[in-house]
Amino acid sequence: MPAVSETRVGVLISGRGSNMVSLIEAAAQPGYPADIVTVISNRPEAGGLKRAEDAGIDTVVIDHKTHADRASFDAALDAALEAAKVEIVCLAGFMRLLTTEFTEKWRGRMINIHPALLPSFRGLHTHERALEAGVKIHGCTVHFVTPEMDVGPIIMQAAVPVLEGDTPELLSARVLAQEHIIYPAALRLVCEGRARIEGERVAVDEFEVADRALVVPGV
Ligand code: GRF
């Protein structure tokens with residue numbers, strides 16, 4: 001049985017779910033302040049569904065193709081989250097734009113992981129675009145979700161070097177390893193109430209450098 005103080009977390013996915021697995025594994029550790037109570041996918045074929053089931057987590061499929069519009073899809077999503085008594089929502093490779101109504105309802109209680117150092121490279125194909133731009137540092141960001149995509153207050157970032165000869169695949173793998181570290185770390189801060197939104201920024205109580213930034217050598 002989870003401790004009474006654990007925050008009920010719902011994870012939304014669309015694909016393989018490796019970030020979801022990092023959250024499930026973190027939540028299984030003693031003392032971690034979250035309980036992953038549901039995994040919801042908008043795609044029935046998402047590989048992450050089986051990984052969640054294997055971990056004993058309840059899964060729900062809400063196929064966006066069976067909904068006439070975004071509003072009705074988001075209403076179904078919201079109903080599933082409420083049914084599971086979710087307190088915090090984690091987007092983990094969830095590839096649907098959400099309505100303003102939905103994001104406003106969950107404002108301050110919904111976070112996302114983005115594979116770039118925001119505010120650079122919002123949107124898709126971040127690793128290709130980082131290579132094209134010739135940046136020397138790339139990385140990932142966990143942020144609160146607001147109606148505008150990939151814009152909300154930043155909770156935590158990790159940086160990696162861009163190396164000579166990198167391909168999108170190599171860079172993606174280097175960034176993904178860091179995603180799996182900072183997403184559970186950022187969720188912990190949120191569940192513990194230590195990540196406070198102040199305007200456009202997040203203030204982290206009891207700040208430690210390792211809580212906010214990480215630069216790792218390339219491999
Ligand atoms: C990750 O790179 C995440 O940052 C992005 O989509 C990808 C999802 O990968 N939003 P996974 O499904 O968590 O393995």
Side-chain angles (χ1 to χ4, degrees), residues 9-28 34 36 38-55 57 59-64 77 88-98 102-103 106 110-131 135 137-162 166-190 213-214 216 219:
V9 170
V11 183
L12 308 190
I13 63 167
S14 299
R16 68 189 164 182
S18 72
N19 277 292
M20 172 208 74
V21 168
S22 77
L23 297 177
I24 291 172
E25 287 177 353
I36 311 296
T38 186
V39 168
I40 303 174
S41 173
N42 67 306
R43 292 204 179 118
E45 71 279 14
L49 285 169
K50 172 152 193 330
R51 300 173 84 175
E53 283 157 16
D54 288 348
I57 311 284
T59 61
V60 178
V61 173
I62 303 174
D63 188 344
H64 61 274
L77 202 52
I88 299 282
V89 179
C90 290
L91 308 185
F94 183 69
M95 303 300 286
R96 295 291 295 169
L97 290 175
L98 295 162
F102 184 90
T103 52
W106 290 93
M110 179 157 60
I111 64 179
N112 179 47
I113 185 143
H114 181 71
L117 290 173
L118 293 173
S120 293
F121 308 119
R122 295 167 53 198
L124 298 174
H125 310 300
T126 56
H127 308 305
E128 288 87 341
R129 288 159 57 211
L131 289 173
V135 297
I137 300 283
H138 186 43
C140 48
T141 303
V142 180
H143 64 96
F144 283 105
V145 176
T146 53
E148 202 178 349
M149 192 183 65
D150 300 335
V151 167
I154 292 169
I155 303 164
M156 195 175 290
Q157 294 184 303
V160 302
V162 180
D166 264 350
T167 61
E169 292 71 29
L170 286 170
L171 188 53
S172 165
R174 195 175 304 123
V175 171
L176 192 65
Q178 297 306 312
E179 293 183 35
H180 296 162
I181 295 169
I182 67 166
Y183 211 178
L187 177 61
R188 171 188 281 280
L189 289 182
V190 172
L214 181 66
V216 292
V219 287

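Ligands are counted one by one from 1 in listed order, and the atoms in each one are counted from 1 as well. Each residue takes its place number in the sequence, starting with 1.
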Taking Gly15's backbone N and O only, do any of them form a donor-acceptor pair with Arg43's side chain (distance below 3.5 Å, no angle check)?
no
Distance-only, no hydrogens or angles: does the Arg122 side chain make a donor-acceptor pair with backbone N or O of Val151 under 3.5 Å?
no
Would you mind checking which non-hydrogen protein atom is closest to [atom], with the distance to 0.1 Å?
atom: atom 5 (C) of ligand 1; value: Pro115 CD, 3.9 Å
atom: atom 3 (C) of ligand 1; value: Glu179 OE1, 3.2 Å
atom: atom 8 (C) of ligand 1; value: Gly93 CA, 3.6 Å
atom: atom 13 (O) of ligand 1; value: Asn19 N, 2.9 Å

Over 12 non-hydrogen atoms of neighbours within 6.0 angstrom of CE in Met95:
no
dist Tyr183:OH -> Ile155:CD1 (nearest 0.5 Å) comes out at 8.0 Å
What's the spacing between Asn42 CG and Asp63 CG if we round to 0.5 Å?
7.5 Å
Does any N/O atom on [X] come nearer than 3.5 Å to any N/O atom on ligand 1?
X: His114; answer: no
X: Ile113; answer: yes
X: Asn112; answer: no
X: Gly17; answer: yes

His138 ring center within less than 6.0 Å of His127 ring center:
yes
Assess, by modelled atom type and distance only, whether the side chains of His180 and Ser18 contain a donor and an acceptor separated by less than 3.5 Å.
yes
Contact atoms of ligand 1, heavy-atom distance to Arg16 under 4.0 Å
9 (O), 11 (P), 12 (O), 14 (O)
